[in-house]
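Only this structure's heavy atoms are used, side chains among them; waters, hydrogens and symmetry mates stay out. Counting starts at 1 for both ligands and their atoms, in listed order. Remember, it's a predicted structure, so these values are computed and weren't measured experimentally.
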Amino acid sequence: MLLTSGIACYAQQIGLVQNPSARQGLSLNGPWRIIVDPYEAGYYDFHLHPIPGGGLGADRVPVDKSDRLELTFLPNAPTLQVPGDWNTQKPEFLWYEGTIWYKREFDYAKKPGRRLFLWFGAANYQAIVFLNGKKLGQHEGGFTPFQFEVTDAVRDGTNSVIVKVDDQRHADGIPTAMTDWWNYGGLTRDVKLIDVPDTFIQDYFVQLEKGWLNRIGGWVRLDGARKRQKVTIRIPETGNYTTVDTDENGYARFALNATLTPWSPENPKLYDVRVEAETDSIEDRIGFRLIQASGQRISLNGKPIFLRGISIHGEAPFRAGRVFSEADARVLLTWAKELGCNFVRLAHYPHDEAMTRLADQMGLLVWSEIPVYWAVQWENPAAYANAERQLTEMITRDHNRASVIFWSMANETPLGDARTKFLGSLAAKARELDPTRLITAATLTHYSDPATIAIDDPLGQYLDVIGCNEYIGWYDGLPTKADTVRFKTIYDKPMVMSELGGEAPFGRHGDEDTAWTEEYQANVYRHQIPMLKRIPFLAGMTPWILVDFRCPRRFLTGIQDYYNRKGLLSDRGEKKQAYYVLRDYYQSLAVREQPPAPGTPPTLLSPHPR
Ligand code: GCU
């Protein structure tokens, strides 16, 4: 009903609270009562004016037996589990796009000298949040965290949170109205009441300085009355620490020399890192690795690396709903490891934090992306502001994750000046927020002649690494076409083939020329791999896709049945023939990359080794 840009007063008066899972507080996960409201009658009156006080959000209850109050949650209202999408919890919600109201009560004993934040891991797509009948604000974007400070709004005793979640798609949204994935709605990730000291460590950034293997550089930010404090950053295992003084804004940069074991997929070494202020302290598990692009190569910890990757949607296998737990993440990342991957492209939106934290632990490099996908409204300032906010939320949440090496600005966006300007600005913002990681985007291909794909998208000038999606053998000719196609680039930059592949439901067989069969899909890969090997500037690949996934655009009866079947595994984990083709290739690469003999000096790629 409402165009997204009409909404004001977003969440986050202060920056996102870093590492909420390490914070005291109260989990608000579990059953929430719900009201399904396709006409948004709980928020707008019959003339489409917002109801004063917030309608259902006002949390009124009937005062006496003659009260004809309609906009209220009665005790017998049905429930949904949080976290979780609504689509896979009740069959009647599978296709539902619209508003569902959530209500949850909680008891809290307030303590003096503490501040409280109501924090959401994500809510798809628009969330309007009320506490004890008062509107706190709203958030837009279904895949990044947001919070509201509720120190004064929380009562001692019983409190109630009401959230209007609406997942209607919008042309001016991010993503826009057309995507190739299921529009799972709801409070899809954890909800928590975070409890911190009056002045607390709001955020910290602890990563290796660009170009260094033994020097950590970063910053801390305090929020609260006592902004000027001494803050110590400590790595107990190595004994290294440094103490800095925060300024009048509570901010301080630091540098810390330390002898560290670099994090890598083969050895995902994580350290306990403590940030200690005078009024607060917090601990995190952080790995230290150096990622660089130089010329047409990518190096990790000073050594060239080929990124053996796979693309993954944030959809849990078997139950086919949004990923929201470590258990879901472990299934997907274990399958990626078994395939021989050292890299995953988390498409096309920031996945649950469980994925990136587990990638840290399991040793998988990560491409993380915001859903600037296909045809966004490039000249709409509200769309840009929305994209930039989602970018900021994505980077803020995961900027301490060693696994994350790429920030991706977009996927398959049409050429055009307004688009390139939009994405160029996002890339600049990403560099400002995090100068240590590589900036990329998945671009579309075009032929400069019938046998040559030219990598010359003007967006490339703003990127460190060019992502390229091609479907030779599927949308573009037959599998054998790959035998004659070559790639040329105008950029002295590495390229990652961010998508390639073909479709086949598990168990559908025929000869290799018969579309929609496992044999055909495997043949696509058999012809792709030699073509990829011939690309001198190819530094990695993330074929589309690890697992079949739900998609409302895929309705070939008896074949797709509302699933995109480009997975190498079915949604039940069954391995298709193409799985083995790619696995064997990755295994052959991994064998060749066995680490050099002990004592071989590392080759640092920076022009001026430090
Ligand atoms: C596109 C797109 C994916 C989509 C895939 C496909 O390239 O980026 O989101 O699912 O192709 O067509 O299967």
Next on the checklist: Could you check whether any side-chain heavy atom of Q361 comes within less than 4.5 Å of a side-chain heavy atom of R330, counting everything from C-beta outward?
Outcome noted: yes
Next on the checklist: Taking the cut-offs as 6.0 angstrom to the six-membered ring centre and 45 degrees off its axis, would you call K566 and Y471 a cation-pi pair?
Outcome noted: yes
Checklist entry - Salt bridge check: are R437 and D434 linked by an N-O gap of less than 4.0 Å? => result yes
Next on the checklist: Please enumerate all residues that pass side chain to side chain donor-acceptor pair (under 3.5 Å) together with T443, with sequence neighbours excluded.
Outcome noted: none
Checklist entry - Restricting to pairs with a member in residues 510-535, which pass salt bridge (charged side-chain N to carboxylate O under 4.0 Å, His left out), not counting sequence neighbours? => result E512-R526
Checklist entry - Does anything in residues 477-497 pair up under salt bridge (charged side-chain N to carboxylate O under 4.0 Å, His left out), and if so which pairs, sequence neighbours excluded? => result D476-K481
Checklist outcome for this item: Near ligand 1 (heavy atom, under 4.0 angstrom), the protein residues are D180, H348, Y373, N411, E412, N469, Y471, Y475, E499, W544, F549, R554, N564, K566
